[in-house]
There are 2 protein chains.
Amino acid sequence: MEKSVGSQRPQRLTDRGQATRAHIVKNAADLIYANGVHATNNEFLRNAAGVSGSQLTHYFPNKESLILGVIDWQADSVLGFHRDDRFAGFDSIDAFQDWADFYILSGRPFEDGCGIGSLASEIIKTDLDIHDHLALVFEQWRDIFRDGLERMQQLGRIDASVDPVRLAHMFIAAYQGGMLLAQIARDIAPLRDALYAAVDHLRTFAE
Amino acid sequence: MEKSVGSQRPQRLTDRGQATRAHIVKNAADLIYANGVHATNNEFLRNAAGVSGSQLTHYFPNKESLILGVIDWQADSVLGFHRDDRFAGFDSIDAFQDWADFYILSGRPFEDGCGIGSLASEIIKTDLDIHDHLALVFEQWRDIFRDGLERMQQLGRIDASVDPVRLAHMFIAAYQGGMLLAQIARDIAPLRDALYAAVDHLRTFAE
DNA sequence: GTAATTTTGGACTAGTTCGTCCGCTTGTTG
DNA sequence: CAACAAGCGGACGAACTAGTCCAAAATTAC
């Protein structure tokens with residue numbers, strides 16, 4: 001995640017340069033999450049981040065490299081969130097319930113919603129050479145769930161016959177699909193229903 | 001669905017005009033599904049549909065109206081598919097299993113995949129006045145599932161305590177999320193896992 | 001302290017895209 | 001057949017955007 005293509009250095013970066021670069025990426029991520037990739041142009045980004053045009057070029061020679069930087073940023077964000085201690089590596093049904101509740105009970109699912117899903121769906125059809133990079137992030141995410149489910153099996157908390165990968169896919173799909181439906185309906189209900197149904201399904205394997 | 005904003009007539013359409021308009025919409029839908037809204041520009045569409053620039057303007061005064069036309073087309077496509085006799089109104093678990101199998105066993109989930117999900121995620125953040133229109137389509141889709149599940153309850157096929165809307169949301173979310181993951185991973189597995197897990201969950205309520 | 005390097009500013013350009021415009025062709029109506 | 005409307009073709013223009021370029025300011029290295 002550190003040494004990605006998006007992290008290509010123009011030459012070398014001083015501390016100040018790294019700070020400016022991070023500042024640009026953060027603002028770009030916010031703008032893209034709010035308005036989409038296409039609507040996030042040079043000018044808006046300059047105004048939002050308070051930088052000049054040459055700075056964008058200096059740290060990101062083209063838009064593709066900027067998007068890669070944003071993907072890295074979003075990937076760190078979502079993976080870091082799921083690795084937080086509060087979820088204890090997803091080794092219990094309660095952890096999954098807490099995870100679902102976080103989005104539903106926070107009352108602001110879209111603000112805290114992972115931006116990498118919507119970003120992915122927006123650029124998945126472009127010819128950007130981002131596919132493998134993106135696939136890796138979702139694999140890591142799935143593995144967090146899978147590892148937790150495997151540990152639950154070892155601990156005898158769920159049936160040994162279930163396929164952890166399959167359930168991990170179910171959880172991420174429920175989240176991504178639920179998020180899309182919630183955005184379309186401007187209502188949290190579809191997300192809540194999808195996430196709680198997924199947790200309920202996990203619960204049917206409890207021992 | 002018929003008298004939508006996207007169906008605004010320049011003045012009146014003869015049979016020939018309607019044919020040309022439908023031809024443009026069909027090609028636009030294909031191009032957008034394959035390359036996304038942004039990459040589908042005037043020129044590509046002219047070449048693909050074999051029409052002139054003025055024809056695009058004639059039938060669709062601006063790009064937004066064209067996108068609305070494509071949404072209508074995709075909505076008819078997905079709703080028509082789900083109302084097909086083969087699914088018998090989704091009044092049995094087998095119908096849901098057949099529905100899931102269709103995408104998995106056809107071997108070409110992306111070709112037959114509903115284009116309205118990816119289209120929705122791409123334009124959901126734009127300022128286009130499409131939100132309500134899009135929400136209505138997904139409501140109708142959900143209601144197809146909901147009605148089937150309610151009938152299953154009346155027929156005593158599933159437990160009367162389950163919430164049909166909730167399960168309907170689960171199915172659509174599993175499909176949309178699974179599709180996204182499948183496209184990212186270039187692998188049908190996440191879609192298969194999500195859909196089959198959803199059907200399995202429904203099965204836990206069988207009586 | 002000075003030379004080299006990095007960071008920054010902002011105007012400018014080349015390319016793209018949506019939509020307009022004018023005129024021609026086809027067909028329909030009275 | 002005449003007048004009018006709809007369908008059609010393709011060039012053109014206005015607006016927008018990614019990326020370039022020339023310097024200046026700040027920082028670091030020697």
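Just so it is clear, the structure is predicted and the values come from calculations on it, not from any experiment.
OP1 or OP2 of C:dT8 sits under 4.0 Å from a side-chain N or O of A:Tyr59. Residue B:Gln55 has a polar side-chain atom (N or O) positioned under 4.0 Å from OP1 or OP2 of D:dC8.
Distance B:His58 NE2 to C:dT20 C1': 15 Å, rounded to the nearest Å. The nearest whole Å value for the distance from the NZ atom in A:Lys63 to the P atom in D:dT20 is 15 Å. Remark: C1' of C:dC18 and CG of B:Leu56 are 10 Å apart, rounded to the nearest angstrom. In this structure, A:His23 places its NE2 atom 14 Å from C1' of C:dT7, rounding to the nearest Å. Note: CD (A:Glu64) to P (D:dG19) measures 9 Å, nearest angstrom. Regarding B:Ile67, its CD1 atom lies at a distance of 14 Å from the C1' atom of C:dT17, rounded to whole Å. Here the P atom of nucleotide C:dC18 and the CG atom of B:Leu66 are 10 Å apart, to the nearest Å. Counting to the nearest Å, the P atom of D:dA6 and the CG atom of B:Leu13 are 9 Å from each other.
Of the candidates D:dG9, D:dG19, C:dG19, the closest approach to any side-chain atom of A:Asn62 belongs to D:dG19.
Residue pairs that meet the side-chain hydrogen bond (donor to acceptor under 3.5 Å, both in side chains) test with at least one member in residues 188-204 of chain B, sequence neighbours left out, are A:Arg166-B:Asp200, A:His169-B:Asp193, A:His201-B:His201, B:Gln97-B:Arg203, B:Asp101-B:Tyr196, B:Asp200-B:Arg203.
Residues from residues 41-52 of chain B that place a heavy atom under 4.0 Å from any atom of DNA chain C, listed by number: B:Asn41, B:Asn42.
Looking at residues two or more places apart in sequence or on another chain, you find no salt bridge (Lys or Arg N to Asp or Glu O under 4.0 Å) involving A:Arg151. B:His38 is linked by a ring pair (Phe, Tyr, Trp, His ring centres under 6.0 Å) to A:His38, counting only residues two or more places apart in sequence or in another chain. Residues satisfying the side chain to side chain donor-acceptor pair (under 3.5 Å) criterion with A:Lys125, sequence neighbours excluded, are B:Ser118. Contacts of A:Arg146 classified as salt bridge (Lys or Arg N to Asp or Glu O under 4.0 Å), with partners at least two apart in sequence or in another chain: A:Asp143. Every side-chain contact (heavy atoms from CB on, under 4.5 Å) that B:Asp30 has, sequence neighbours left out, goes to B:Lys26.
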Inset, instruction - Go along nucleotides 21-30 of chain C 5' to 3' and tag each nucleotide: B for a protein heavy atom under 4.0 Å from its base, S when only backbone or sugar atoms are that close, - otherwise. - result: B----SS---
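Put simply, the side chain of B:Ile172 reaches to within 4.5 Å of the side chain of B:Gln176, judged on heavy atoms.
Taking CG of B:Leu66 as the start and NZ of B:Lys63 as the end, the distance is 8.0 Å to the nearest 0.5 Å.
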Just distance, no hydrogens or angles: give the donor-acceptor pairs under 3.5 Å from side chains in residues 81-91 of chain B, sequence neighbours left out.
unit_1, atom_1, unit_2, atom_2, d
B:His82, ND1, B:Val78, O, 2.8
B:His82, NE2, B:Trp99, NE1, 2.9
B:His82, NE2, B:Trp141, NE1, 3.1
B:Asp84, OD1, B:Arg86, N, 2.8

